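Below is one structure; the comments refer to it alone.
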Amino acid sequence: MALWIPVTLAAATFQTARFMLQKVLSSTRLSPAGATFARFAYSAPLILVALAVYLWATGRGLPPLGGRFWLFAVIGGTAQILATICVVALFKQRNFAVGITFKKTEVIQTALVGLVVLGDRISAGGWVAILLGLAAVLVLSRAPDSDGAWWRHLTNRAAGLGLGSGVLFAFSAVGYRGASLQLSDPDPVFRASVTLACVVTFQMVSMGLWMVWRDRDELRAVWAARRTAVFVGLTSMGGSFCWFLAFTLQNAAYVKALGQVELILSLLASVLVFRERIAAREIAGMGLLGLSILALVMAI
């Protein structure tokens, strides 16, 4: 079995646990921005210490970090900040499993971003997958207690947050893979570790400065929630490292496609942990999106 497969499965597991913790924080103590900052604030120090210990133990130094590396890293890091805020805000609109399903449109949107930005060709099978995904979004975009024409529900807050997070996560994945590939070191674990440390440090500093400027009360709330937030940092560190390593080892589209196992994990969390009820229409929408993802993988 190729290494990127178990690494991706581990990343999806860590990420589901992290989103569960962020859902708890956002629903009780913190704003979406605060819950997002908690992820970086409590993981960056751990990641930097781990990298420092690794460099000391191996006697290695940091590789040259050129302009293209930082361009990819900053784009990916900024996109991830905005995407995570969207997802945490989405949890206030719909239940946990459906929120994650909206986020998972990132796989389909990665194909569209590649077509527009890079000119990547999409096969007939790929377009079938995209249309299946669009149908799934139409099913999921309608709120349980709403009525009226179906197209009016595409403009609701939940649909906008979910689709927006998907686009941003697509740019984030491509940015991280691009940054890692700029490093000349042949060891993929080392390249993933350096890229992760640089990105998370940028995210912690940039978000921290923004909150000092705009929302110091929320910054204090992040510190007050440290007993829960520290576990957000731990799960974030594990998940981020696994994602970065997987992106270093394999094409981001394949990694994201396999990461759809998070759908199953989020559904289990929604029912078993948060005691949320999943409507039949929502299960149908998630199933249809799963079919679109499978079709996309087969078309790649």
Side-chain angles (χ1 to χ4, degrees), residues 4-28 30 32 35-40 42-43 46-47 80-81 83-110 136 140 158 161-162 165-166 168-170 172-173 176 196 200 203 225 228-247 252 254-278 282-283 285-287 289-290 293-294 297:
W4 73 273
I5 294 176
V7 169
T8 301
L9 295 177
T13 303
F14 276 120
Q15 183 158 293
T16 301
R18 174 172 59 78
F19 276 134
M20 289 170 62
L21 290 167
Q22 286 181 305
K23 177 180 171 67
V24 173
L25 287 176
S26 67
S27 63
T28 57
L30 303 179
T36 300
F37 176 66
R39 169 191 178 180
F40 306 127
Y42 289 99
S43 65
L46 300 173
I47 292 169
Q80 187 180 34
I81 290 173
T84 305
I85 290 174
C86 286
V87 171
V88 176
L90 179 59
F91 291 152
K92 294 178 179 292
Q93 305 295 314
R94 302 290 292 275
N95 65 42
F96 185 67
V98 175
I100 291 295
T101 302
F102 267 120
K103 171 192 169 295
K104 282 303 174 183
T105 59
E106 66 189 295
V107 178
I108 297 168
Q109 294 187 67
T110 298
L140 287 168
L161 289 171
S165 71
L168 290 165
F169 273 120
S172 176
Y176 292 156
L196 173 62
V200 175
Q203 291 170 320
T228 301
V230 69
F231 292 102
V232 173
L234 289 172
T235 53
S236 176
M237 181 179 68
S240 295
F241 175 75
C242 290
W243 285 123
F244 274 65
L245 179 56
F247 291 143
Y254 287 102
V255 173
K256 286 293 186 180
L258 181 59
Q260 301 308 308
V261 69
E262 186 185 349
L263 280 172
I264 299 173
L265 298 176
S266 64
L267 179 59
L268 292 174
S270 184
V271 175
L272 300 178
V273 178
F274 297 115
R275 305 296 182 184
E276 296 172 339
R277 298 185 63 183
I278 307 296
E282 294 170 337
I283 294 176
M286 287 187 284
L289 184 59
I293 292 163
L294 178 60
V297 172

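A quick note: this is a predicted structure, and the numbers were derived from the prediction, not measured.
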Give me the atom names and distance for the closest heavy-atom approach of [X] to [Y].
| X | Y | result |
| --- | --- | --- |
| F14 | G238 | CD1-C, 3.6 Å |
| L46 | Y42 | CD1-O, 3.4 Å |
| C86 | S165 | CB-CB, 3.8 Å |
| W243 | T8 | CZ3-CG2, 3.9 Å |
| V7 | L245 | CG2-CD2, 4.0 Å |

- Query: Between S172 and L168, is there a donor-acceptor pair closer than 3.5 Å when you use the side chain of the first and the backbone of the second?
  - Reply: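 Between the backbone of L168 and the side chain of S172 there is no qualifying donor-acceptor contact (under 3.5 Å).
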
What is the distance from atom [atom1] of [X] to atom [atom2] of [Y], rounded to the nearest 0.5 Å?
| X | Y | atom1 | atom2 | value |
| --- | --- | --- | --- | --- |
| I81 | R39 | CD1 | CZ | 9.5 Å |
| S43 | F241 | OG | CZ | 14.0 Å |
| S240 | Q80 | OG | CD | 6.0 Å |

